[in-house]
Asks: 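Shown below is the structure under consideration.
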Amino acid sequence: MTHAAFLKHYMDLADSSPIPIILYNVPANTGLDLPLETVVSLAEHENIIGIKESGGNVVRIGYIAHKTKHLDFQVIAGSAGFMVASYSVGAVGVVAALANVMGDKVCELHDLITENKECMDLQHSLIAPNTAVTATFGPAGLKFVCDNVGLYGGPCRSPMQPLTLEQKKKLASIMAEVGVTCSTELDFV
């Protein structure tokens, strides 16, 4: 299954449905994980209002919440087992099997989690820079930011390549969003 195939399928469904739809990602049952780029693209559709994310990958949940925060789209945890972690990175609710037999406890947990909004806001703001210095730009990106904040990042060791000027600009832009100033003029990376 490709991004294009998923996109067409869900767009056709959303276009023809008389009621809003929620995507459901449950890789343990389907053997497929909806690609992140597909979820983010589908979130733009006015008739797709959210996703029940049951894979348990909290970084993925945070990424989806972060990339769709400007939309009328909600991320819902698919299990009480990762409810706290999911809420901390942007999920707004849970659809949990456990709620069928322990609904009072699941609701109590929901109330306790949502009382600490500042913590969740901070966690959410750290997702983009964290992704930038790990998955997106890797060690070269982390070295670049270290050099910019007064720490020693130093040069990249072979076979790792230093960031290009365009990569430095992109990373500097991401870091600026959280108040970290980076100069693209540094020579180390």
Asks: Taking the side chain as every heavy atom from C-beta outward, state whether Leu98 and Lys105 have any pair of such atoms under 4.5 Å apart.
Replies: no

Asks: Check whether any side-chain heavy atom of Lys143 lies under 4.5 Å from a side-chain heavy atom of Cys156, and answer yes or no.
Replies: yes

Asks: Can you name the nearest heavy-atom pair linking Ser88 to Ala85, along with the distance?
Replies: OG-O, 2.7 Å

Asks: Going hydrophobic residue to hydrophobic residue with side-chain gaps under 4.5 angstrom, can you get from Leu32 over to Ile22?
Replies: no

Asks: Nearest 0.5 Å, please: how far is CD1 in Ile113 from CD in Glu115?
Replies: 10.5 Å

Asks: Just by modelled atom types, is the Asn130 backbone N or O under 3.5 Å from a matching donor or acceptor in the Thr134 side chain?
Replies: yes

Asks: Rounded to the nearest 0.5 Å, how far apart are CG of Leu165 and CD of Glu185?
Replies: 8.0 Å

Asks: Are any side-chain N or O atoms of Glu53 and backbone N or O atoms of Ile51, one a donor and one an acceptor, separated by less than 3.5 Å?
Replies: no

Asks: Which heavy atom of Ser183 sits nearest to which heavy atom of Asn148, and what is that distance?
Replies: N-OD1, 2.5 Å

Asks: Measuring only between side-chain heavy atoms, which start at C-beta, is Val180 closer than 4.5 Å to Pro129?
Replies: no

Asks: Return yes if some donor-acceptor pair links the side-chain N/O of Thr68 with the main-chain N/O of Leu71 below 3.5 Å, else return no.
Replies: no

Asks: Are the side chains of Tyr10 and Leu23 in contact, using a 4.5 Å heavy-atom criterion?
Replies: yes

Asks: Would the distance check show the side chain of Glu177 and the main-chain N or O of Ile174 forming a donor-acceptor pair, the cut-off being under 3.5 Å?
Replies: no

Asks: Flag the pair Asn47 / Ser17 as yes when at least one side-chain heavy-atom distance between them is below 4.5 Å, and no otherwise.
Replies: yes

Asks: If two hydrophobic side chains count as joined below 4.5 Å and joins carry through other members, does Met1 share a cluster with Val40?
Replies: yes

Asks: Let me confirm one number: the OG-CD1 distance from Ser86 to Ile61, rounded to the nearest 0.5 Å.
Replies: 3.5 Å

Asks: Is it the case that one hydrophobic cluster holds both Met11 and Val39, taking links as side-chain heavy atoms less than 4.5 Å apart, direct or via other members?
Replies: yes

Asks: Could you give the distance from CD (Glu37) to CG (Leu42), rounded to the nearest 0.5 Å?
Replies: 10.5 Å

Asks: Distance check, rounded to the nearest 0.5 Å: Thr164 atom OG1 versus Leu171 atom CG?
Replies: 10.5 Å

Asks: Kindly work out whether a path of hydrophobic side-chain contacts (I/L/V/M/F/W/Y, heavy atoms less than 4.5 Å apart) joins Ile48 to Leu13.
Replies: yes

Asks: Give a yes or no on whether Phe82 atom CZ has more than 12 heavy-atom contacts from other residues, nucleotides or ligands under 6.0 Å away.
Replies: yes

Asks: State the NE2-OG1 distance between His66 and Thr131, to the nearest 0.5 angstrom.
Replies: 7.5 Å

Asks: Please determine whether side-chain contact (heavy atoms from CB on, under 4.5 Å) holds for the pair Arg60 and Asp33, giving the CA-CA distance in whole Å, both sets of side-chain angles, and the decisive distance to 0.1 Å.
Replies: CA-CA 11 Å; Arg60 176 185 168 90; Asp33 220 356; 3.7 Å; yes

Asks: Quick one, Leu109 with Val84, criterion side-chain contact (heavy atoms from CB on, under 4.5 Å). Give me CA distance, side-chain angles, the key distance, then yes/no.
Replies: CA-CA 8 Å; Leu109 182 56; Val84 171; 3.8 Å; yes

Asks: Say whether, by atom type as modelled, one donor and one acceptor occur between the side chain of Lys169 and the main chain of Thr184 under 3.5 angstrom.
Replies: no

Asks: Kindly say whether Ser54 contributes a backbone atom to a donor-acceptor pair with the side chain of Asn25 at under 3.5 angstrom?
Replies: no

Asks: Would you find more than 12 non-hydrogen atoms of other residues, nucleotides or ligands less than 6.0 Å from Lys52 atom NZ?
Replies: yes

Asks: Is Cys182 close to Phe144 at the side-chain level, that is, under 4.5 Å between some pair of heavy atoms?
Replies: yes

Asks: Answer whether the closest heavy-atom distance between the side chains of Pro139 and Arg157 falls below 4.5 Å.
Replies: no

Asks: Taking all non-hydrogen atoms of both residues, which atom of Gly90 and which atom of Ala65 are closest, and how far apart?
Replies: CA-CB, 3.8 Å

Asks: Is there a ring pair (Phe, Tyr, Trp, His ring centres under 6.0 Å) between Tyr87 and His110 once you walk through the steps?
Replies: CA-CA 9 Å; Tyr87 278 49; His110 167 83; 5.5 Å; yes

Asks: Given Phe137 and Leu142, is the side-chain contact (heavy atoms from CB on, under 4.5 Å) satisfied, shown in steps?
Replies: CA-CA 8 Å; Phe137 298 108; Leu142 183 58; over 6 Å; no

Asks: Whether Lys8 and Asp12 form a salt bridge (side-chain N of Lys/Arg under 4.0 Å from carboxylate O of Asp/Glu) is what I want to check.
Replies: yes

Asks: Are Val26 and Val75 connected in a single hydrophobic cluster, I mean Ile/Leu/Val/Met/Phe/Trp/Tyr linked by side-chain heavy atoms less than 4.5 Å apart?
Replies: no

Asks: Under the side-chain contact (heavy atoms from CB on, under 4.5 Å) criterion, do Met175 and Thr181 qualify, and how do the steps go?
Replies: CA-CA 7 Å; Met175 298 309 294; Thr181 303; over 6 Å; no

Asks: Between Ser79 and Ala96, which heavy-atom pair has the shortest distance, and what is it?
Replies: C-CB, 4.1 Å

